[in-house]
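Below is one structure, written out as structure tokens; the observations come after it.
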Amino acid sequence: MKTSVVWADGTFESNTAPLMGSLEQCAVRAAELGFDGMSLTVNRPEELDPARIHKIMGACGLAVSGLATGRTYTVDGLGLGMAEAERRKAAVDRMLRHTELCAELGGAKLIIGAVRGWIRDAGDRQRYEMLFRDSVETILKRAQALQVKVVLEAISRMDSDACCSIEETAAFIRSFHSDALQLQLDSIHLHTNGETEIYEKILRSADLLGQVDISDVGRKAPDGKHFDFQELLKGLKDARYQDYLVFEYQASPPEGAVKAGLDYIRSLLTA
């Protein structure tokens, strides 16, 4: 399995980026720690310069594993399931531009997390599901043409009420019959949702897995005291998962959280 770490530029508060600050400095740090890539937190595509990113990442031997796009919803209030046509169109258009950015960054994955919004954005479940599906279909069409993978996160019920459980999200993904749409798991979301039999569920969805985020309770660095990372990793190993583990938690506490979390997960991988 490859490892990646979430980065944010430090201009806004974030509890999901172990590395915050200039991309140049954070890329050097990520490389020193032995990460294979970085996941970039972005709101508007124009915030990132692909040529500059290629230069920085190339110098450090890193790949861009994906683009975290939740701020489209949490900051700008644009969602993929909204009944308000202009806001939904704006969300889709932004995700299409992000898809193009992913292609420019060498195949970074496009993450659909918080940008899905809530069922209340459409008024009722039936209308939400129709609108959200239409949005995803539009994004997938562009992603397939550009050979970009889209990962749909099985999300915490604290962040949305659509596609939360592993089984529900996997079923939604399978309904598209597209290799471009994959499943994203996040350890903190699994914990928050009270998911059980995680090992078995991973094996049943092994063909869909495209990204797995690593975070402990409270968005802290993983330490094995609150969530069963051993079960998670055993499931991934037995599912022959070879893609990214993305480290997504607070930069502190503890001091040096990015290294502490990575060291802990490495100890389980090599056990």
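Keep in mind that this is a model prediction, so the values were computed, not measured. For this chain, numbers begin at 1 and follow the sequence in order.
- A distance of 15.5 Å separates OG of S65 from NZ of K149, quoted to the nearest 0.5 Å.
- Considering CE of M82 and CZ of R120, their distance stands at 9.5 Å, rounded to 0.5 Å.
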Show, in sequence, the C-alpha distance, side-chain angles and deciding distance for R174 and D207, and conclude whether the salt bridge (charged side-chain N to carboxylate O under 4.0 Å, His left out) test is met. CA-CA 10 Å; R174 291 191 194 282; D207 59 313; 2.8 Å; yes
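- For the pair R133 and F172, the minimum side-chain heavy-atom distance is below 4.5 Å.
- The shortest distance between side-chain heavy atoms of I214 and F229 falls below 4.5 Å.
- With hydrophobic clusters built from ILVMFWY side chains whose heavy atoms lie under 4.5 angstrom apart, L40 shares a cluster with L245.
- Heavy atoms from other residues, nucleotides or ligands lying under 6.0 Å from CG of D124 number more than 12.
- No donor-acceptor contact under 3.5 angstrom links the side chains of T41 and R71, judged on distance only.
- Taking both residues in full, the closest heavy atoms of N43 and H98 are given as O-NE2, 2.9 Å, listed atom of the first, atom of the second, then distance.
- Under the 4.0 Å criterion applied to side-chain N and carboxylate O atoms, R97 and D93 are not assigned as salt-bridge partners.
- In plain terms, the two heavy atoms of H54 and G106 that are nearest each other are CE1-N, 4.2 Å.
- Between the side chains of K109 and Q182, a donor-acceptor pair is found at a separation under 3.5 Å.
- Residue Q147 places its CD atom among 12 or fewer non-hydrogen atoms of other residues, nucleotides or ligands, all under 6.0 Å distant.
- Between M20 and S14 there is a side-chain heavy-atom pair separated by less than 4.5 Å.
- Linking Ile, Leu, Val, Met, Phe, Trp and Tyr residues whenever their side-chain heavy atoms come within less than 4.5 Å leaves Y199 and Y241 in two separate clusters.
- In terms of heavy atoms, C102 sits closest to L67 at SG-CD1, 3.6 Å.
- Looking at heavy atoms from C-beta onward, L268 lies out of side-chain contact with L232 at the 4.5 angstrom threshold.
- Under a cut-off of 6.0 angstrom, the local environment of NZ in K55 is sparse, with at most 12 non-hydrogen atoms contributed by other residues, nucleotides or ligands.
- Residues T3 and R266 bring no donor and acceptor atom of their side chains to less than 3.5 Å of each other.
- When all heavy atoms of A162 and E168 are compared, the pair lying nearest together is C-OE2, 4.3 Å.
- Geometrically, R87 does not engage Y73 in a cation-pi contact defined by less than 6.0 Å to the ring centre and at most 45° from the axis.
- The 12-atom threshold is not exceeded at NZ of K141, counting heavy atoms of other residues, nucleotides or ligands nearer than 6.0 Å.
- L80 CG to R116 CZ: the interatomic distance, rounded to the nearest 0.5 Å, is 9.0 Å.
- Two different hydrophobic clusters hold V246 and L183 under the rule that ILVMFWY side chains link at heavy-atom gaps under 4.5 Å.
- Looking only at atom types and distance, the side chain of Q184 has a donor-acceptor partner in the side chain of D213 under 3.5 Å away.
- In summary, the side chains of Q144 and S178 do present a donor paired with an acceptor at a separation below 3.5 Å, with no hydrogens or angles considered.
- Using a 4.5 Å cut-off on side-chain heavy atoms (C-beta onward), V28 and E32 make contact.
- When all heavy atoms of S165 and R157 are compared, the closest pair comes out as CB-NH2, 4.1 Å.
- Considering CG of L23 and CD of Q25, their distance stands at 10.0 Å, rounded to 0.5 Å.
- Using a 4.5 Å heavy-atom threshold, the side chains of R142 and M95 count as separate.
- In this structure the side chain of S215 reaches within 4.5 angstrom of the side chain of D186, judged on heavy atoms.
- Using the six-membered ring where Trp is involved, H191 and F227 have ring planes that are perpendicular, over 60° apart on the 30 and 60° scheme.
- Counting heavy atoms from C-beta outward, I198 and L185 have side chains that stay 4.5 Å or more apart.
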Would E129 and R125 satisfy salt bridge (charged side-chain N to carboxylate O under 4.0 Å, His left out), going step by step from the backbone distance to the final call? CA-CA 6 Å; E129 290 178 351; R125 178 173 290 275; 3.4 Å; yes
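- Of the N and O atoms on the side chains of D9 and T11, at least one donor lies less than 3.5 Å from an acceptor on the other residue.
- Within the model, atoms CG of N193 and CD1 of I188 stand 9.5 Å from one another, a figure rounded to the nearest 0.5 Å.
- For E24, the CD atom sits in a packed shell: over 12 heavy atoms of surrounding residues, nucleotides or ligands are nearer than 6.0 Å.
- Minimum interatomic distance between P45 and L101 (heavy atoms only, all atoms of both residues): O-CD2, 4.0 Å.
- Around atom CD of Q230, no more than 12 heavy atoms belonging to other residues, nucleotides or ligands sit under 6.0 Å away.
- Relative to the six-membered ring of Y249, K220 misses at least one condition, a distance below 6.0 Å or an angle of at most 45° to the axis.
- Other residues, nucleotides and ligands contribute more than 12 heavy atoms inside 6.0 Å of the CE atom of M130.
- Atom CG of residue L181 and atom CD of residue E137 lie 10.5 Å apart, to the nearest 0.5 angstrom.
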Salt bridge (charged side-chain N to carboxylate O under 4.0 Å, His left out) assessment of D76 paired with R44: CA-CA 10 Å; D76 286 351; R44 301 174 182 84; 3.1 Å; yes
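- In the hydrophobic clustering of ILVMFWY residues, with side-chain heavy atoms under 4.5 Å counting as a link, V150 and L78 come out apart.
- Under a hydrophobic-cluster definition in which Ile, Leu, Val, Met, Phe, Trp and Tyr are linked whenever side-chain heavy atoms come within less than 4.5 Å, directly or via other members, W118 and Y128 are assigned to different clusters.
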